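Values below: all heavy atoms of this structure, side chains included; hydrogens, waters and symmetry mates excluded. In this text the structure is predicted, and so the values were computed from the model without any measurement. For this chain, numbers begin at 1 and follow the sequence in order. Both ligands and their constituent atoms are indexed starting at 1 by order of listing.
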Amino acid sequence: MMTRLYHHPIFREHLTGPGHPERPERIVALEAALEAETFQNLDRVLAPEGSVEAIYRCHSVDYVRRIARTIPEEGMARIDGDTMVSPKSFSAALHGIGAACAGVDDVVSGAARNVFVAARPPGHHAERETAMGFCLFNQAAIAARHAQAIHGLERVAIVDWDVHHGNGTQDIFWTDSSVLYVSTHQMPLYPGTGARTETGAGNIVNVPLREDDGTDEFRLAFSEIVLPVLENFRPDLVIVSAGFDAHHRDPLGGLNLIEADFDWATGKLLEIADRFSQRRLVSVLEGGYDLQGLSQSVAAHVKRLMVG
Ligand code: ZN
């Protein structure tokens with residue numbers, strides 16, 4: 001079985017305007033990095049279009065309608081201070097959701113060993129009723145709900161190492177102990193949530209890091225908190241909200257991770273998936289805004305997914 005990569009040209013057509021960090025070039029850069037010889041055995045599949053029914057498991061019907069109504073026929077429209085949409089944005093988001101859900105199908109059926117979804121816009125800031133932080137729909141959350149609704153999996157863990165706290169994922173699962181949300185992130189930083197005291201139904205585990213923390217602090221947090229929490233939860237599926245903006249080159253984050261940290265953390269999550277989840281692991285791209293830091297970190301992450 002191979003590692004599957006979901007990609008689609010539509011992910012380059014969600015436009016955000018000049019100077020916006022969450023830009024189409026992110027996908028161009030990481031896809032270029034995945035062209036290297038090392039990745040010739042990657043199973044490349046075009047992202048299918050997801051269904052709005054899948055979205056309704058995490059967002060309200062009214063919310064989906066509101067987002068659809070903001071999509072302009074041409075040019076760009078602003079949802080909030082930093083969340084932009086263009087004519088292809090809804091379709092791009094639907095393909096991201098389709099890929100995340102198909103990735104779940106793949107690891108459950110055994111069609112793939114594990115999956116990386118190279119989609120944009122990202123999703124983890126999207127709350128049940130609110131788009132924010134470049135995010136429209138919460139792919140990772142929707143994939144978790146899809147796993148439960150369609151495949152009958154009981155416990156799903158979402159591990160989020162994006163430098164920003166995934167307030168959207170936390171919001172969606174705040175009262176639902178069947179989904180564990182565990183996040184490492186810089187604090188204080190956008191969006192302002194993610195304190196240790198935010199625990200939901202006991203299923204939310206926030207591990208804030210401080211500005212300038214790097215390899216040692218991240219790995220310590222992972223080893224002492226993230227991994228034991230996962231072992232205790234015994235997930236049927238591991239979903240990774242894989243943002244790479246904790247990389248030291250990233251312009252939006254102040255952490256100092258290097259590619260080797262993403263390689264290491266990926267290996268640790270694969271071990272958890274091997275032990276508890278019948279190896280099922282689906283990783284969904286979130287942030288990462290320095291093109292070199294992003295592409296090299298994605299390469300390290302996907303290479304580890306491939307070699308186990
Ligand atoms: Zn981020």
Would you please test Phe244 and Phe262 for ring-ring contact (aromatic ring centres under 6.0 Å, His included) and show each step? CA-CA 8 Å; Phe244 298 96; Phe262 297 112; 4.9 Å; yes

Ring-plane angle category for His164 and His125, please: parallel below 30°, perpendicular beyond 60°, tilted otherwise.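 Perpendicular, since the angle between the ring planes exceeds 60°.
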
Assign the ring pair His95 / His8 to parallel, tilted or perpendicular, where the plane angle (0 to 90°) is split at 30° and 60°.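 Because their plane-to-plane angle lies in the 30° to 60° range, the rings of His95 and His8 count as tilted.
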
Return yes when at least one N/O/S atom of His164 is nearer than 2.8 Å to the Zn ion (ligand 1), and no when none is.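 Here the distance criterion (N, O or S atom, under 2.8 Å) is met by His164, so yes.
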
Tell me whether Glu286 has at least one N, O or S atom under 2.8 Å from the Zn ion (ligand 1).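 Checking Glu286: none of its N, O or S atoms is under 2.8 Å.
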
Do Val240 and Val207 land in one hydrophobic cluster if side-chain heavy atoms of ILVMFWY residues count as linked below 4.5 Å?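 Shared cluster, yes.
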
For the Zn ion (ligand 1), find the closest N/O/S atom on Asp162 and give its atom name.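 Of all N, O or S atoms in Asp162, the Zn ion (ligand 1) lies closest to OD1.
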
Hey, which N, O or S atom on Asp245 ends up closest to the Zn ion (ligand 1)?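 In Asp245, the N, O or S atom with the shortest distance to the Zn ion (ligand 1) is OD2.
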
